[in-house]
2 protein chains.
Amino acid sequence: MISETQNTTLTQRLTDSGLRSTPHREVVYQVILAKRDHPTAEEVFDRVKVQMPTISLATVYNCLDALVQCGLIKQVNFVREPTRYCPNLHEHAHFHDETTGEIHDIGIPADLMARLRSILPSDYTALSIDLSFRGSARSPSTQPDHHD
Amino acid sequence: MISETQNTTLTQRLTDSGLRSTPHREVVYQVILAKRDHPTAEEVFDRVKVQMPTISLATVYNCLDALVQCGLIKQVNFVREPTRYCPNLHEHAHFHDETTGEIHDIGIPADLMARLRSILPSDYTALSIDLSFRGSARSPSTQPDHHD
DNA sequence: AACATTATTGGAATAGTTCCAATTCTCACT
DNA sequence: AGTGAGAATTGGAACTATTCCAATAATGTT
Ligand SMILES: [Mn+2]
Ligand SMILES: [Mn+2]
Ligand SMILES: [Zn+2]
Ligand SMILES: [Zn+2]
């Protein structure tokens, strides 16, 4: 269930970007927040259809684009894999566990972010920074994901 | 023109991975080395066709996969863009300039690589690390020059 | 040379995403 | 509350990038 705060944030952020808050966009955002993993568009589609069976895949893509535009989710890409969507707004890296297929969020300390920016020549302006790891986690159960 | 050293390296690396050195693979590697940018498979295809007009796109994909497998090139991905291929074997990040569409290599100091690894929980083993920036190489206030 | 293995090929198939034109919805203004 | 303009949604077609496939060619080994 979506909280009042989340709903307000959603409406606010959409409006700020000149977009409307619609039932479809609300449900798409809700299912991404409900299970804080990194679903593909198809996976979002499957989850949304439970509550809104008539929604189309095109609309899911449109809604995801709207949420990306207003900054509530981010797109995550791995080599030759479909785009995934991430609702974690903190600075973080992604660890793609090739054994389980899972994607884990890894927090990035503020000073490391600064260090990352510092390797760029002075005339390069970075709008976004992506840091991702690929590998495997030895004992999956002992390290819970970092969430807000 | 491919140097003797490069050719030896290629043959060596392919053989070490249980693959054969073939004219197709040599030319594909050669065109990637000749212009050290980050071409897509289609761009590699276009360049290879100059010297080897009968090569097929499927073979270009096969050759690129072979070169990736033997570690001579790396795949680079950006959100919703085709895979690009990079012959720079040093540890480096990628800066995707959205103004020009160009991709620039940014060296990563050894101590920063170590620091990056250090943010992972101890039971996570990273086989590869990808660091990429998206932005513009010109400051926003500067008037863009038109050339070419 | 014969054989087994590997590479190449064109085209079909697939996957993911975007596009499009028709329809429906929303909201601002009467 | 009704009207109209703009925005969102829809299904399906189109598109792009990549992979698959089965036939053919090349290669290296005995
Ligand atoms: Mn995976
Ligand atoms: Mn680009
Ligand atoms: Zn994430
Ligand atoms: Zn590179």
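Numbers restart at 1 for each chain; the letters A, B, ... are given by sequence-line order, proteins then strands.
Contact between the side-chain N/O atoms of A:H24 and the OP1/OP2 oxygens of D:dT10 is found at a separation under 4.0 Å.
Sorted by first then second residue, the salt bridge (Lys or Arg N to Asp or Glu O under 4.0 Å) pairs that include residues 59-73 of chain A, not counting sequence neighbours, are A:D65-B:R80.
The cluster map of Ile, Leu, Val, Met, Phe, Trp and Tyr, joined by side-chain heavy atoms under 4.5 Å apart, puts A:V60 and A:V68 in the same cluster.
Between A:H104 and B:Y124, the distance separating the two ring centers is shorter than 6.0 angstrom. Ring centers of B:H94 and B:H38: under 6.0 Å apart, within the cut-off.
Remark on the helix from C:dA1-D:dT30 to C:dT30-D:dA1: inter-end axis angle 30°, axes from five-pair C1' superpositions, rounded to 10°.
A salt bridge links A:D111 and B:R115; the closest N-O separation between the charged side-chain nitrogens and carboxylate oxygens is under 4.0 Å. Using a 4.0 Å cut-off between a side-chain N of Lys or Arg and a carboxylate O of Asp or Glu, B:K49 and B:D46 qualify as a salt bridge. A salt bridge between A:R47 and A:D37 is present, with a side-chain N of the basic residue lying under 4.0 Å from a carboxylate O of the acidic one.
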Using a cutoff of under 3.5 Å, can you pull out all pairs of nitrogen or oxygen atoms linking the protein to nucleotides 28-30 of chain D, with atom names and distances?
none

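Note that CZ of A:R25 and CG of A:L64 are 11.0 Å apart. Values are rounded to the nearest 0.5 Å. How far CE of A:M52 is from NE2 of A:H24: 4.5 Å, rounded to the nearest 0.5 Å.
Rounded to whole angstrom, the span from the CD atom of A:E26 across to the P atom of D:dA8 amounts to 13 Å. A:L67 has its CG atom 12 Å from the P atom of D:dA8, to the nearest Å.
Under 3.5 Å, the side chains of A:N88 and A:D105 contain a donor-acceptor pair of N or O atoms. Counted by atom type alone, A:S128 and B:R134 present one or more donor-acceptor pairs between their side chains at under 3.5 Å. No side-chain donor-acceptor contact under 3.5 Å links A:S136 and B:T125.
Taking every nucleotide of DNA chain C with any atom under 4.0 Å from a non-hydrogen atom of chain B, the first and last of them, 5' to 3', are C:dT5 to C:dT18.
The residue among B:N62 and B:T22 whose nearest nucleotide of DNA chain D is located toward the 5' end is B:N62.
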For each nucleotide in nucleotides 14-19 of chain D, reading 5' to 3', give B when a protein heavy atom comes within less than 4.0 Å of its base, S when such contact involves only the sugar-phosphate, and - otherwise.
---SBB

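Summarising the hydrophobic clusters (Ile, Leu, Val, Met, Phe, Trp, Tyr; side-chain heavy atoms under 4.5 Å, direct or chained), the residues clustered with B:I103 are B:V76, B:F78.
When heavy atoms are screened at a 4.0 angstrom cut-off, A:T59 is found touching base atoms of the nucleic acid.
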